[in-house]
Structures are given as C-alpha cells and as structure tokens.
Amino acid sequence: MRVFVEDIADKMEESNETWRSFLNKKCGEIIDVTTEYLNIAEELEEGEEIPNQYLDWEKDFIEVAIEVTENCSDYEELPSQFDINEYSIMEDFIEELEDDRKRGILFNAIQGRGAFRRFKDKIYELDVEQIWFAYRQKAFCQIAKEWCEDHDIEYAYKIKNEALSIK
C-alpha cells in the first residue's frame with residue numbers, strides 16, 4: 001500500500017479541533033472522524049447497539065468511529081494542527097524572501113497577539129500570497145513525508161517536483 005504525500009498534506013491543512021484524520025494502513029484510505037463520534041464509540045461496550053437517539057446519518061459516522069477504535073492497529077492518526085508549528089513555517093518563509101522590505105514588514109506582522117491574521121493580511125498587501133501558499137504546501141508535504149517515514153508507510157508524490165526540499 002502506498003499513499004500520496006499531497007493527500008496527507010491536504011488532510012493536515014484541513015485539520016481542526018473537532019475532526020481527526022486517520023490513515024487505514026491496509027488500504028491507504030484516509031478517513032475523518034469527529035472527536036464527538038470517537039468519544040461515543042469509545043463509550044459503547046463491544047457489541048452494544050448504537051442508541052436510537054442518533055439519526056441514521058449520525059449512526060454512519062459512529063460506525064466509522066467504532067471501526068477505528070476497535071481496529072486501532074489498522075489505523076494511524078495523521079498529524080493534526082497541534083502537531084504542526086505553522087508559526088515556524090511562516091518564519092522560515094519570511095527568512096527566504098529576497099525583498100528586504102517585504103521581509104521586514106512580515107517579520108513585524110508576526111510579532112505578538114494576532115500574528116496569523118496580520119500575516120495573512122500582509123501577504124495579500126505585499127502580493128506574495130501565491131508564493132506563500134506554494135511554500136506552505138511544500139512545508140506540509142515535508143511534514144507528511146517525515147510522518148510516513150516515521151510510521152513505515154510507503155509514499156509517493158503526485159507531482160514530481162513536490163519532492164524538492166523547502167529549505
């Protein structure tokens with residue numbers, strides 16, 4: 001089984017507090033499960049029916065959560081937003097900018113509270129948003145590649161030049 005680094009990176013970018021993503025190590029499928037449904041699945045006794053208080057579509061999600069919890073050795077949780085230091089990625093990006101003026105403006109923008117919002121505003125003002133998003137994608141791909149290596153998961157790139165280092 002082989003997974004694409006870009007698919008893992010995309011899921012990492014979608015990461016938030018309520019959703020967790022898992023790779024099925026047998027088939028390579030990436031699934032998302034809410035922490036709410038994982039908690040429900042973990043509270044159910046083995047073989048216990050899903051309570052009728054849940055709607056059919058919720059039961060489908062709970063069944064996926066049950067699959068993950070009961071067969072946890074078949075699944076590997078992908079890095080979440082808490083595993084990724086996006087502030088560091090922003091700093092690295094700024095350091096690599098060739099324009100001293102833009103670099104200074106962006107370094108000032110990321111100081112203190114509200115750094116992410118100011119950074120986002122400034123990349124658009126400075127017309128470097130496309131460079132930033134490409135850089136960020138490569139950084140996420142690098143993290144995904146390292147995650148695959150750490151978990152002995154065979155990987156490939158969809159786009160050949162994605163294998164290039166971001167540094």
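Within 6.0 Å of atom CD in Glu49, 12 or fewer heavy atoms from other residues, nucleotides or ligands are found, so the atom counts as exposed in its surroundings. Around the CD atom of Glu98, the shell of radius 6.0 Å holds no more than 12 heavy atoms that belong to other residues, nucleotides or ligands. Within 6.0 Å of the CD atom in Glu17, the count of heavy atoms belonging to other residues, nucleotides or ligands does not exceed 12. Within 6.0 Å of the CG atom in Asn52, the count of heavy atoms belonging to other residues, nucleotides or ligands does not exceed 12.
Ion pairing between Glu149 and Lys145 holds under the 4.0 Å rule for side-chain N and carboxylate O. Look at Lys26 and Asp74 and you find a salt bridge, because one of the NZ, NE, NH1 or NH2 atoms lies within 4.0 Å of a carboxylate O, short of that distance. Look at Glu76 and Lys25 and you find a salt bridge, because one of the NZ, NE, NH1 or NH2 atoms lies within 4.0 Å of a carboxylate O, short of that distance.
In this structure, Lys59 forms no cation-pi arrangement with Tyr54, as its terminal cationic atom is not both closer than 6.0 Å to the ring centre and no more than 45° off the ring axis.
Under the 4.5 Å side-chain heavy-atom criterion for Ile, Leu, Val, Met, Phe, Trp and Tyr, Phe82 and Phe140 are members of distinct hydrophobic clusters. Linking Ile, Leu, Val, Met, Phe, Trp and Tyr whenever their side-chain heavy atoms come within less than 4.5 Å puts Leu38 and Leu55 in one cluster.
Here CE of Met12 is found 8.0 Å from SG of Cys141. Values are rounded to the nearest 0.5 Å. Between the CG atom in Asp32 and the CG atom in Leu78 there is a gap of 9.0 Å [rounded to 0.5 Å]. We find the CZ-CD distance between Phe119 and Glu86 to be 8.5 Å, quoted to the nearest 0.5 Å.
Side-chain atoms of Asp83 come within 3.5 Å of backbone N or O of Ser80 as a donor-acceptor pair. In this structure, the side chain of Gln111 engages the main chain of Phe107 through a donor-acceptor pair within 3.5 Å. Under a 3.5 Å cut-off, the side chain of Glu77 and the backbone N or O of Phe22 do not form any donor-acceptor pair.
Here the shortest heavy-atom pairing between Arg118 and Arg113 reads NH1-O, 2.5 Å.
Using a 4.5 Å heavy-atom cutoff, the side chains of Leu126 and Arg101 are in contact. For the pair Ile8 and Ile153, the minimum side-chain heavy-atom distance is 4.5 Å or more.
A perpendicular orientation is assigned to the rings of Phe61 and Trp57, their planes being inclined by more than 60° (bins at 30° and 60°).
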